[in-house]
Structures are given as C-alpha cells and as structure tokens.
Amino acid sequence: MQKRFSARRLIYHAANALGAAAVLLYGVPLVMSAFSLARAGAGPNLIWLLPACALLLTSYALRSLRMYLIFMESRIMLARFLRIQLKCLLVSLTMPFKLGEIFRAYWFGQAIGSPSGGIASVLVDRYFDSVALVLGMLGLWAGGGVQPQLIFVLLTLFVLAATAFYWAFPSTYRYFNRFLVLSIRHPVSVKMLSGLEKLNHWYQNLSAQVKGRAPALIWLSLMVWAFEGGALLCVAMFLGEKFQFSDLFSYLSGVLGSSSRDMSTLHMGLGVFLLAAYGLVLYGGRWKQRRRAS
C-alpha cells in the first residue's frame, strides 16, 4: 500500500514538474515576444491593451466557471479547483497542439479520484467549446463574414460524431448487452461484454457531467468566445491592424499549433502573463496563510 501511495505521489510530482517545465519552455518566450510587440507598438494605441486584458481575464473566468459546472456533482472544493484550473490554463495555453489537455485530464482525474472522470471532463469541455465555435462560424459564414477553412470542417466533424455517439450509445448498448449475455458461453462474448461494460462506464461519466447543464454550458461557451474575439479585436487595434473574422481562424491555428502572426502571439502572451500574475497572488496568499498558521 505504501509503495502504491509513493508511486502515485511520484507521478503527481513528475506531472507538476513537466507542466512547470512546459510553461517555462513555451510560456516565457511567448511572454517575451508579447512584451517586445507591446514596446514596439507603444503609442496612442497603448490604451487598447487595458480592455484586451479585461476581456481575456473575463474569458478565463468563464472557462473556469464552465469547468466547475462540469464538476459540480464531484463536490470538489473551490479553492482546490482554482489551483488546478490555473495550472491547466497555463499549460494548455503554452503547449502546442493542445498537449496540455493530457495534463488537465490527469490533474482533474486525481482531484476527483477517477482517471476516467478526468478524461471525460476534458472531452465534455472540448465538446461544448467546439459547439460554440461551430455555431459562431456557421453564423459568420451565413452572413458572408468568413469562408470555411480546414479547422472549421474538423470541428464540425468532431461535434457531429460526438453528438451522434452520445445519442446512439444507450440503445446500442442495451441491444448488444442483451445479445452478448445470451451468448455468454462463448469466450469471445465474455471479452466483448467486458469491453462493452467499460465503454458504458465511460459513457456514464460523460453523461453525469452533462445532464441538466447542457444549455448553460453552451451559453457559457458562446460567451467565452465572444470575449476572446473582443480581446483579439483590442489587440488588433493596438497593433494598428485591421481586424477580420478570419483572424479567429488564425488564432485557433495558433492555439492548435504554432502561429507567427503578431496578433496571436500578443494575445496568447498577454494571457500567459495575466494567468502567471494571478498565480502569484493565489499561491502567495496561500503561503501567507500557512505561515500564519505555523
């Protein structure tokens, strides 16, 4: 038991160390590039950085509220949730190709004592984030504001596939469960039934995090991207660039991979800086409380 506990703690500290290394490796250069752009563009447009920061902080607060709503039935304490969410936001924002989602699934899985629940929470969060983006892009496309791009097609396919799975799985599970139970004497049927039960366990985790909260999650996701778009607009005004709705695609490409566009660099660099500053306040206050208690 002691060895298992020590192994868990070792993995947990290793994940924290890897997350911190990722923030230093990717986040610090990103913030430095953002400050270089800010210094180069300092002038009459400098005032636009204030609303950009305010809109970014609001979008991160709404993202955190959406994630907390997903975990509502897990009874995770708010203070602990905020510390984990801060780490997740920093790592997800700095690491390319959304590799930070792996850390997020692990950290939240540890918090609620369910690795599958942690993975399910990330899938639910990504799904509603994608739903909001697809709805927004469809509106812009219908209005002639943007032309469809690859990222739009991929997100649409993901939303359609995930929605079809969610609605079709219960009836499919009941049918195959009944069929395999009747064929239980066959060794292959036993293995398939075991795999089906594991899949049902994953589905129940997903369903528990969505049930009764889907409308609220969609509205929160729409608000998140509205504030993100507003922050991009302010960044564009600061840089003296013309903002177009197609810039949202460029920003998404920068988040999913790497982008050399000044707008995306400054936008993400500001985000990392603001989250790091909030982390200093959060952990500084916690350190003071511990020092007084001792």
Side-chain angles (χ1 to χ4, degrees), residues 49-72 78 81-82 84-95 98 100-101 103-105 107-108 120-141 145-146 149 151-152 154-156 158-159 162-163 206 209-210 212-236 243-256 259 263-264 266-279:
L49 287 184
L50 294 178
C53 292
L55 290 168
L56 272 177
L57 286 174
T58 305
S59 72
Y60 295 146
L62 291 172
R63 287 182 186 275
S64 301
L65 179 58
R66 181 180 64 193
M67 200 65 180
Y68 191 71
L69 196 60
I70 291 172
F71 282 112
M72 182 174 288
L78 181 60
F81 169 82
L82 290 175
I84 298 173
Q85 178 69 356
L86 174 64
K87 291 192 298 184
C88 294
L89 285 172
L90 273 171
V91 174
S92 295
L93 192 59
T94 54
M95 292 190 72
K98 303 301 287 183
E101 300 301 299
F103 289 87
R104 183 154 69 128
W107 281 324
F108 276 117
S121 68
V122 171
L123 292 175
V124 170
D125 186 68
R126 290 296 90 209
Y127 172 78
F128 283 101
D129 208 43
S130 299
V131 167
L133 279 169
V134 169
L135 290 175
M137 290 175 186
L138 283 174
L140 294 173
W141 182 29
V146 295
Q149 297 186 22
I151 185 66
F152 170 73
L154 293 176
L155 287 174
T156 303
F158 167 70
V159 169
T163 304
L206 286 169
Q209 295 176 351
V210 174
R213 285 158 281 175
L217 292 172
I218 291 176
W219 277 110
L220 282 172
S221 300
L222 288 170
M223 292 170 65
V224 163
W225 284 108
F227 281 103
E228 287 276 359
L232 274 174
L233 172 62
C234 292
V235 168
F243 179 79
Q244 297 176 342
F245 288 115
S246 58
D247 291 322
L248 290 173
F249 291 110
S250 299
Y251 171 68
L252 282 174
S253 299
V255 172
L256 293 173
S259 174
M263 193 184 303
S264 297
L266 182 54
H267 183 271
M268 290 190 288
L270 281 175
V272 174
F273 174 75
L274 292 171
L275 288 171
Y278 170 70

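Keep in mind that this is a model prediction, so the values were computed, not measured.
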Under the salt bridge (charged side-chain N to carboxylate O under 4.0 Å, His left out) criterion, do Arg63 and Asp125 qualify, and how do the steps go? CA-CA 9 Å; Arg63 287 182 186 275; Asp125 186 68; 5.6 Å; no

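- Leu206 and Ala120 get closest at one heavy-atom pair: CD2-O, 3.5 Å.
- For the atom pair Tyr278 OH and Leu57 CG, the distance stands at 10.5 Å (nearest 0.5 Å).
- Between Lys87 and Phe103, the closest side-chain pair of non-hydrogen atoms is not below 4.5 Å.
- In this structure, Glu228 and Ser59 approach most closely via the heavy-atom pair OE2-OG, 3.4 Å.
- Under the rule for a ring-ring contact (aromatic ring centres under 6.0 Å, His included), the partners of Phe81 that lie at least two apart in sequence or sit in another chain are Tyr68, Phe108.
- Without hydrogens or angle criteria, Ser92 side chain to Leu89 main chain gives no donor-acceptor distance under 3.5 Å.
- To the nearest 0.5 Å, atom CG of residue Leu65 and atom CG of residue Leu220 are 5.0 Å apart.
- By the side chain to side chain donor-acceptor pair (under 3.5 Å) test, Thr163 is found to be paired with Tyr127, residues two or more places apart in sequence or in another chain being considered.
- Note that CG of Leu222 and CG of Leu133 are 9.0 Å apart. Values are rounded to the nearest 0.5 Å.
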Working note: Cys234 + Leu55, criterion side-chain contact (heavy atoms from CB on, under 4.5 Å); need CA distance, chi angles, decisive distance, verdict. CA-CA 9 Å; Cys234 292; Leu55 290 168; 3.9 Å; yes

Gln209 and Leu123: side-chain contact (heavy atoms from CB on, under 4.5 Å), yes or no, with the steps? CA-CA 10 Å; Gln209 295 176 351; Leu123 292 175; over 6 Å; no

Given the rule in the side-chain contact (heavy atoms from CB on, under 4.5 Å) test, do Leu138 and Phe152 qualify, once you have shown the distances and angles that lead to the verdict? CA-CA 9 Å; Leu138 283 174; Phe152 170 73; 3.6 Å; yes

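- Annotation: the span from Leu232 atom CG to Trp225 atom CH2 amounts to 8.5 Å, rounded to 0.5 Å.
- The minimum heavy-atom distance between Gly271 and Leu93, with the atom names listed, is C-CD2, 3.8 Å.
- Looking at Leu270 and Cys53, their side chains come closer than 4.5 Å, going by heavy atoms from C-beta outward.
- The minimum heavy-atom distance linking Leu56 with Ala231 is given by the pair CG-CB, 3.9 Å.
- The side-chain contact (heavy atoms from CB on, under 4.5 Å) test applied to Leu50 returns Ile47, not counting sequence neighbours.
- The distance from atom CD1 of Ile218 to atom CG of Asp129, rounded to the nearest 0.5 Å, is 12.0 Å.
- Residues that satisfy the side chain to side chain donor-acceptor pair (under 3.5 Å) test with Thr58, not counting sequence neighbours, are absent from this structure.
- Every residue two or more places apart in sequence or in another chain was checked for a side chain to side chain donor-acceptor pair (under 3.5 Å) with Ser121, and none qualifies.
- Taking every heavy atom of both residues into account, Val122 and Glu101 meet most closely at CG1-OE1, 3.3 Å.
- Here CG of Leu86 is found 8.5 Å from CG of Leu82. Values are rounded to the nearest 0.5 Å.
- Panel note: side chain Ser221, backbone Phe128; a donor-acceptor pair is recorded below 3.5 Å.
- In this structure, Met67 and Arg104 have side chains that are in contact, with non-hydrogen atoms separated by less than 4.5 Å.
- Residues in residues 212-224 take part in these salt bridge (Lys or Arg N to Asp or Glu O under 4.0 Å) pairs, two or more places apart or across chains: Glu73-Arg213.
- Looking at every heavy atom in both residues, Ser64 comes nearest to Gln85 through OG-CG, 3.3 Å.
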